[in-house]
Protein chains: 2
Amino acid sequence: MTIDLFLVETNFKYMDINQKIGERIRELRKEKNISQEALANIAEVDRTYMTGVETGKRNVTVKVLERIVYALDIDFTIFFDDNKFSRK
Amino acid sequence: MTIDLFLVETNFKYMDINQKIGERIRELRKEKNISQEALANIAEVDRTYMTGVETGKRNVTVKVLERIVYALDIDFTIFFDDNKFSRK
DNA sequence: AATACAACGGCTTATGAGTCACATAGAAGT
DNA sequence: ACTTCTATGTGACTCATAAGCCGTTGTATT
């Protein structure tokens, strides 16, 4: 059952869209070496809300996602330019 | 004041994100030569809801946007691969 | 053990999702 | 010219859920 968990976390092909988005945010945030709280402050969302987004528990609206994407200093094109989001 | 309207509709740089998304959906739908109603049916949303999305009046969640994007037979990467969504 | 970071559960309120009746406009047919 | 059909848009409404915010807990790190 640790194997199942492993698959869920790495094989993004079968991941929920909200999980994919959360993982993408986390990736980009770690690249910038900032904490959830720091990112949350820039995006003007609550720290615990950001946790929910990164863990795929929140189904964000486009407007909130825009704030987060901008807080990551990128745009939607770059944010979604990732294998996770392509059916290929 | 017709001039203002003209700018709002064409100069996407200053458009609301929901307007941009609506315009992008409309573009892609017209390319496929299908009606709002046909697209709405595939995406399993109401026809009038689709109108609201295309006219930028709805702030959609990621899950609903996913249904629409898939109904257009593309993925998120392609959907957001457009000048409208890049800060350049 | 103190500090920083991340996650969870639960709660309120603001708004998205979904649906309706009705309106408008343009084509197509008669 | 006047219906009829097709496509789209609007306002208003209900119900579901996203947004936002607590307090608390867990877990490394120093």
Side-chain angles (χ1 to χ4, degrees), chain A residues 1-2 4-6 8-10 15-73 76 79-80, chain B residues 1-2 4-6 8-10 15-73 76 79-80:
Chain A
M1 77 308 200
T2 34
D4 284 335
L5 239 164
F6 181 74
V8 168
E9 282 173 3
T10 58
M15 277 175 66
D16 183 75
I17 183 64
N18 291 320
Q19 289 180 276
K20 289 183 186 177
I21 282 172
E23 218 176 73
R24 180 73 174 137
I25 291 169
R26 179 162 293 179
E27 278 169 17
L28 294 161
R29 175 176 64 80
K30 299 236 162 167
E31 277 177 26
K32 295 197 73 185
N33 275 306
I34 58 174
S35 67
Q36 281 183 357
E37 186 164 25
L39 182 63
N41 287 337
I42 303 171
E44 296 183 277
V45 299
D46 194 81
R47 178 184 62 75
T48 65
Y49 182 84
M50 187 62 79
T51 297
V53 174
E54 281 196 8
T55 55
K57 289 179 185 69
R58 299 268 183 167
N59 182 27
V60 298
T61 59
V62 165
K63 276 197 173 177
V64 168
L65 183 59
E66 185 186 37
R67 302 215 303 267
I68 296 172
V69 168
Y70 287 2
L72 287 164
D73 249 320
F76 273 100
F79 183 84
F80 286 104
Chain B
M1 79 309 201
T2 34
D4 284 333
L5 238 164
F6 180 73
V8 168
E9 282 172 4
T10 59
M15 278 176 65
D16 183 74
I17 183 64
N18 291 320
Q19 288 180 277
K20 289 183 187 177
I21 281 172
E23 217 175 72
R24 180 73 173 139
I25 291 170
R26 181 162 290 179
E27 279 170 16
L28 295 161
R29 176 177 63 79
K30 299 238 162 166
E31 277 177 27
K32 295 197 73 185
N33 273 308
I34 58 174
S35 67
Q36 280 183 1
E37 186 163 24
L39 182 63
N41 287 338
I42 303 170
E44 297 182 279
V45 299
D46 194 81
R47 177 190 66 74
T48 65
Y49 182 84
M50 187 63 78
T51 298
V53 174
E54 282 196 7
T55 55
K57 289 178 186 67
R58 299 268 182 167
N59 182 27
V60 299
T61 58
V62 165
K63 277 197 173 177
V64 168
L65 184 58
E66 185 186 37
R67 302 216 302 269
I68 297 172
V69 167
Y70 287 3
L72 287 165
D73 249 320
F76 273 99
F79 184 84
F80 285 105

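Proteins get letters first, then strands, A, B, ... in listed order; numbering begins at 1 in each.
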Generate the contact string for nucleotides 1-9 of chain C. Rules: B means base contact, S means sugar-phosphate contact only, - means no protein heavy atom under 4.0 Å. -----BBB-

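Not a single donor-acceptor pair under 3.5 Å links the side chain of Arg29(A) to the backbone N or O of Leu72(A).
The two residues Glu44(B) and Arg67(B) have their closest heavy-atom pair at O-NH2, 3.0 Å. Residues Ala71(A) and Leu39(A) come closest through the heavy atom pair CB-CD1, 3.6 Å.
Between Phe80(B) and Phe76(A), the angle of the ring planes stays under 30°, which puts this pair in the parallel group of the 30/60° scheme.
A side chain to side chain contact (heavy atoms under 4.5 Å, CB included) with Ile17(A) is found for exactly one of Val62(B), Thr61(B), Val69(B), namely Val62(B).
Nucleotide dG16(C) holds its P atom 17 Å from the CE atom of Met50(B), rounded to whole Å. Atom NZ of Lys63(B) is separated from atom C1' of dG18(C) by 16 Å (rounded to the nearest Å). Rounded to an integer number of Å, the gap from CD of Glu66(A) to P of dG16(C) is 14 Å. Between the CG atom of Leu39(B) and the P atom of dG9(D) there is a distance of 13 Å, rounded to whole Å. Following rounding to the nearest Å, Glu44(B) (CD) and dT19(C) (P) show an atom-to-atom distance of 10 Å. The CG-P distance, from Asp46(A) to dT13(C), rounds to 16 Å in whole Å.
Within the 4.5 Å cutoff, the side chain of Thr51(B) has no heavy atoms near those of the Lys57(B) side chain. Considering only heavy atoms from C-beta on, Tyr70(B) stays 4.5 Å or farther from Ile42(B) through its side chain. Side-chain contact between Leu28(A) and Phe79(A): present, with at least one pair of heavy atoms (C-beta onward) separated by less than 4.5 Å. Residues Arg26(B) and Lys30(B) meet the side-chain proximity criterion, which asks for heavy atoms closer than 4.5 Å.
At a threshold of 4.0 angstrom between heavy atoms, the contacts of Asn59(A) are confined to the sugar-phosphate backbone, with no base atom among them.
In terms of phosphate contacts, Tyr49(B) brings no side-chain nitrogen or oxygen within less than 4.0 Å of OP1 or OP2 of dG18(C). For the OP1/OP2 pair of dA17(C) and a distance below 4.0 Å, the side-chain nitrogens and oxygens of Thr61(B) include at least one atom meeting the criterion.
Remark on the helix from dA1(C)-dT30(D) to dT30(C)-dA1(D): inter-end axis angle 40°, axes from five-pair C1' superpositions, rounded to 10°.
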